[in-house]
Amino acid sequence: MVYLRSDVIKVGVERAPHRSLFKALGLTDEELNRPLIGIANSWNELIPGHAHLKDVAEAVKVGVRINGGTPLEFNTIGLCDGIIMGHEGMRYSLPSRELIADSIELVANSYQLDGLVFIGSCDKIVPGMLMAMARLDIPSIFVAGGPMLAGRYRGCDIDLHDVFEAVGAVNTGKLSLDDLKVIEDVACPGFGSCAGMFTANTMGALSEALGVSLPGNGTAPAVSSERLRIAKYSGMLVVDLVRRDVKPSQVLSREAFLDAIAVDMALGGSTNTVLHLTAIAREARVNITLDNFDELSDKTPTLCRLSPAGKFHVQDLHEAGGILAVMKELSKKGLIHGDRVTVSLKTVKELISSVSVLRREVIRPVEDPWLIRGGLMILKGSLAPDGAVIKLSAVTTEVKQFKGVARVFECEEDAVKAVLNGKICRGDVVVIRYEGPKGGPGMREMLATTSVLAGSGLDKDVALITDGRFSGASRGLVVGHVSPEAAEGGPIALVEDGDPIAIDLTSKRVDMLIPDDVMNERLKRFTPPPKKFKRGVLSRYSDVVTSASTGAVFKELI
């Protein structure tokens, strides 16, 4: 007889009260004798990437029952970064990642569930779930809700980032309000995570690369029947994982994270993955640093130009062969560890052996990539001693150096007003500070700022530097995750209007060109501002969150 984790809550004379409560749910003795599989679902009616997850969960439950398990669904929260973008709501996005992980841990360990299927989409939900998966270390599999299809406008595919940029275009007279209304109506045509290689779809893709989800999970459209088949197979498979006691710790190896970083670089994915992969690795007790990202970016070619960096969308990547096709290309350069195991119970080598690239304009060969290096770069220098992140794949290729004068703002809203009022000029370096994990608090995304800059035609001539972060939909010469952040007394707190700042992508540096004695004098006068929130979740978050350079995770209190 196979011992099940859930036996401690359902087996024996003393567990008769527990069984009685389960039977109040309608469960039979036969169902209680099977593996209890928790279905952690972030379904809600507030996120387009989640509104269809009830159907996905039903498909998962069918799969669990087919293979002799008993599915028990529960929920966690989810926030839509697009809707909460550009206002106070964005402060809550990154903190929600930790709450999602914690809430799933509470349920899974309280009920001593035998296995878990995680169902979620969108920016912080996927990493929060993968953090919980690594922390709990019970047999698990992840099922994404899938990408949204692109919208269509005047014969071209468009997505959410086009709507954000259209706002800037209206402000400069390049676009009419009537045109904006049409774009607004058609850009997001249905359920799914926003159609480009933004944070949500990057994390969905990386779940495949890590080996914690089935092939196609990161790219099959949300509205496709393939999405439901993936869900059913995942439900069937998790029961096998329980019976074989295959745990996430056997899948989430150091090699898995290195492969995921390589795939991230080849895709030109979101800068937010630096935060999330680092945080997931920490839960898996794997040491991943900013240096690992930079080292792999140096030797990993950019194979894809997906929105916002190019005209293609995730549906095109799926047609081209998906994440496994990208991994097969990377394996030709020795960048993929083929012998590691995945939740499919096959090795990476076995999975990629039967795939091929079907659209070469979407996935370029390693011999002829878009860029010879990866999509992200880690910058260091006098402005960011502990590091900062830039998305190279979203920067115009001819830009190698930029030198300008600082225009300093204490929050994103003030920067957006300055751009919309025509107060930002070519050659300016927009510095937005006190938006880091601690100082924000919550490390808001600066998509509103980058979008109005791009929509105003300034994205090639104005740089933006922040201790906050950027949406995967951002493009332009934008440097985020500056560490240490302003609230911790980092150099970004000492910048003044008019200071010369240099960004050098050749030497991987971001520097304030200010004499040391001037900087030292400013540091002596520096006083950190008071906490913005004195109570509630954001107050607690600012007390315990760590730097962006370490994943913005909570301090471990020993």
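Side chains included, hydrogens not; waters and symmetry mates left out as well; all remaining heavy atoms used. If you read the sequence from its start, that first residue is 1, and numbering goes on from there.
For K391 (side chain) and G375 (main-chain N/O), no donor-acceptor pair under 3.5 Å exists by modelled atom type. With hydrogens and angles disregarded, no donor-acceptor distance shorter than 3.5 Å links the side chain of T76 to the backbone of S42. In this structure, the side chain of E208 engages the main chain of G216 through a donor-acceptor pair within 3.5 Å. Not a single donor-acceptor pair under 3.5 Å links the side chain of N421 to the backbone N or O of K423. Of the possible polar contacts, none joining the T302 side chain to the L371 backbone as a donor-acceptor pair under 3.5 Å is found. Checked by atom type and distance alone, the side chain of H87 pairs as donor or acceptor with a backbone atom of G89 at under 3.5 Å. Without hydrogens or angle criteria, S270 side chain to N272 main chain gives a donor-acceptor distance under 3.5 Å. No donor-acceptor pair closer than 3.5 Å links the side chain of D428 to the backbone N or O of V430. R227 contributes a side-chain N or O that, together with a main-chain N or O of N217, makes up a donor-acceptor pair within less than 3.5 Å. When atom types are taken as modelled, the side chain of R91 and the backbone of G442 share no donor-acceptor pair closer than 3.5 angstrom.
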**Asked** Going through the distances and angles, do V545 and K555 end up as a side-chain contact (heavy atoms from CB on, under 4.5 Å)?
**Response** CA-CA 6 Å; V545 71; K555 299 172 186 174; over 6 Å; no
**Message:** Please determine whether side-chain contact (heavy atoms from CB on, under 4.5 Å) holds for the pair L464 and F470, giving the CA-CA distance in whole Å, both sets of side-chain angles, and the decisive distance to 0.1 Å.
**Reply:** CA-CA 10 Å; L464 195 158; F470 297 108; 3.6 Å; yes
**Prompt:** Yes or no on side-chain contact (heavy atoms from CB on, under 4.5 Å) for M203 and T273, after CA distance, side-chain angles and deciding distance?
**Reply:** CA-CA 7 Å; M203 289 307 304; T273 56; 3.8 Å; yes
**Request:** Step by step, work out the side-chain contact (heavy atoms from CB on, under 4.5 Å) result for Y92 and L79.
**Result:** CA-CA 8 Å; Y92 293 88; L79 306 177; 4.1 Å; yes
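Separating the CD1 atom in I363 from the CE atom in M327 is a distance of 12.0 Å, to the nearest 0.5 Å. R282 contributes atom CZ, which lies 13.0 Å from atom CD1 of I280 (distance to the nearest 0.5 angstrom). Rounding to the nearest 0.5 angstrom, the gap separating the CG atom in D123 from the OG atom in S193 is 8.0 Å. Considering CZ of F402 and CD1 of I465, their distance stands at 9.0 Å, rounded to 0.5 Å. Note that CE of M90 is 10.5 Å distant from CD of E435, once rounded to the nearest 0.5 Å. Interatomic distance, CD1 of I77 versus CD1 of I125, reported as 8.0 Å (0.5 Å rounding).
Note: F533 and Y541 fail the aromatic proximity criterion, with ring centroids not under 6.0 Å apart.
The aromatic rings of H52 and F191 lie parallel to each other, with less than 30° between the two planes, well short of the 60° mark.
A salt bridge is absent between K380 and D386; no separation between the charged side-chain nitrogens and carboxylate oxygens falls under 4.0 Å.
Counting only N and O atoms by type, the side chains of E412 and T449 include a donor and acceptor under 3.5 Å apart. One side chain, K124 or S93, offers a donor N or O that lies under 3.5 Å from an acceptor on the other. Between the side chains of D467 and H481, not a single donor N or O lies within less than 3.5 Å of an accepting N or O. Using a 3.5 Å distance cut-off with no hydrogens or angles, the side chains of D81 and T199 do not pair a donor with an acceptor.
When the salt bridge (charged side-chain N to carboxylate O under 4.0 Å, His left out) test is applied to R469, the partners found at least two apart in sequence or on another chain are E445. In this structure, the side-chain contact (heavy atoms from CB on, under 4.5 Å) partners of K174, at least two apart in sequence or on a different chain, are A169, T172. Checked against side-chain hydrogen bond (donor to acceptor under 3.5 Å, both in side chains), N201 has no partners two or more places apart in sequence or in another chain. Every residue two or more places apart in sequence or in another chain was checked for a side-chain hydrogen bond (donor to acceptor under 3.5 Å, both in side chains) with S542, and none qualifies. Considering only residues two or more places apart in sequence or on other chains, D259 meets the salt bridge (charged side-chain N to carboxylate O under 4.0 Å, His left out) condition with R340.
Side chains of V126 and L206 form no contact here, defined as non-hydrogen atoms less than 4.5 Å apart. The closest side-chain heavy-atom distance from D499 to V405 is not below 4.5 Å. Using a 4.5 Å heavy-atom threshold, the side chains of M197 and V314 count as touching. When side chains are defined from C-beta on, P127 does not count as touching T278, because their heavy atoms never get closer than 4.5 Å. Contact check for D157 versus K311: no side-chain heavy atoms found under the 4.5 Å cut-off.
Shown here for G192 and A222, the closest heavy-atom pair between the two residues is CA-CB, 3.6 Å.
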Distance-only donor-acceptor hits, side chain of residues 501-508, under 3.5 Å, sequence neighbours excluded:
from: D504; atom 1: OD1; to: Q401; atom 2: NE2; distance (Å): 3.3
from: D504; atom 1: OD1; to: T506; atom 2: N; distance (Å): 2.8
from: D504; atom 1: OD1; to: S507; atom 2: N; distance (Å): 3.2
from: D504; atom 1: OD2; to: S507; atom 2: OG; distance (Å): 3.3
from: T506; atom 1: OG1; to: Q401; atom 2: NE2; distance (Å): 3.1
from: K508; atom 1: NZ; to: D294; atom 2: OD2; distance (Å): 2.8
from: K508; atom 1: NZ; to: D298; atom 2: OD1; distance (Å): 2.9
from: K508; atom 1: NZ; to: D298; atom 2: OD2; distance (Å): 2.7

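Atom CD1 of I372 is surrounded by 12 or fewer heavy atoms from other residues, nucleotides or ligands within 6.0 Å.
Applying the side-chain contact (heavy atoms from CB on, under 4.5 Å) test between I492 and each of L383, T466, V510 identifies L383 as the sole match.
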